[in-house]
Amino acid sequence: MYKCGYVVKTKVGGIAGDSYKCDFDVEMTLDISRVAYESKPDIVVLVSGDKDFIPIVLELRNKGIRVEVAAFSIAMARELALKSSDYINLDVLIQDETDAPTEEPSNDENEGVMPDADGEN
């Protein structure tokens, strides 16, 4: 992502009871707000399906900024999808092995030969 020119930030969370807690959404919201007010982009793409981002999505849209949300369907909050300008379903990036085209070796003697205009070799 760095090589493509994106600003990439990381944060190490911690164990909170039986779960893992990071609260990175608060920091992301602050960064998004700062960039939106300083740069005034036409569009923001949020790669998260967390409904905690609804307030920033609504704020940006009220300022005339298009907000597209990208997430896998399993992690996409329906409320966030409905409040965004558009939803980009990342499931299309993962192809099930049963859907993958298979190439079987061919013993066809005409393999690689282009057909004539009438369909003959």
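As the structure is a computational prediction, the values presented were derived from the model and not from experiment. Only this structure's heavy atoms are used, side chains among them; waters, hydrogens and symmetry mates stay out. Positions are given from 1, in the same order as the sequence printed here.
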Co-membership, hydrophobic cluster, residues Tyr87 and Ile56, 4.5 Å side-chain
yes
Are Glu68 and Arg66 within salt-bridge range, i.e. N to O under 4.0 Å?
yes
Tell me whether Ser39 contacts the main-chain N or O of Pro41 through its side chain, where contact means a donor paired with an acceptor under 3.5 Å.
no
Taking Arg78's backbone N and O only, do any of them form a donor-acceptor pair with Lys51's side chain (distance below 3.5 Å, no angle check)?
no
Test side-chain contact (heavy atoms from CB on, under 4.5 Å) on Asp86 and Val69; report intermediate values, then the result.
CA-CA 6 Å; Asp86 196 11; Val69 177; over 6 Å; no
Please round to the nearest 0.5 Å and tell me the distance separating atom OG of Ser84 and atom CG of Leu60.
11.5 Å
Do you know which two heavy atoms are closest between Ala36 and Ile65, and how far apart they sit?
CB-CD1, 3.9 Å
Rounded to the nearest 0.5 Å, what's the gap from CG on Leu90 to CZ on Phe72? Could you check?
5.0 Å
Check the side chains of Ser73 and Asn89 for a donor-acceptor pair under 3.5 angstrom, ignoring hydrogens and angles.
no
Do Val44 and Leu30 belong together in a cluster built from hydrophobic side chains that touch within less than 4.5 Å?
no
Give, for atom CE of Met76 and atom CG of Leu82, the distance between the pair rounded to the nearest 0.5 Å.
8.5 Å
Could you see if Phe24 belongs to whatever hydrophobic cluster contains Phe53? Use Ile, Leu, Val, Met, Phe, Trp, Tyr and a side-chain cutoff under 4.5 Å.
yes
Lys21 atom NZ, neighbour heavy-atom count above 12 within 6.0 Å:
no
Is there side-chain contact between Arg61 and Ser85, with at least one heavy-atom pair below 4.5 Å?
yes
Of the options Leu46, Asp23, Asp52, which is the one that meets Met28 in a side chain to side chain contact (heavy atoms under 4.5 Å, CB included)?
Leu46
Beyond-backbone contact of Val57 with Leu80, side-chain heavy atoms, under 4.5 angstrom:
yes
Indicate the atoms forming the closest heavy-atom contact of Ser48 with Ala71, along with that distance.
C-CB, 4.0 Å
Taking all non-hydrogen atoms of both residues, which atom of Tyr20 and which atom of Ile15 are closest, and how far apart?
CD1-CD1, 4.3 Å
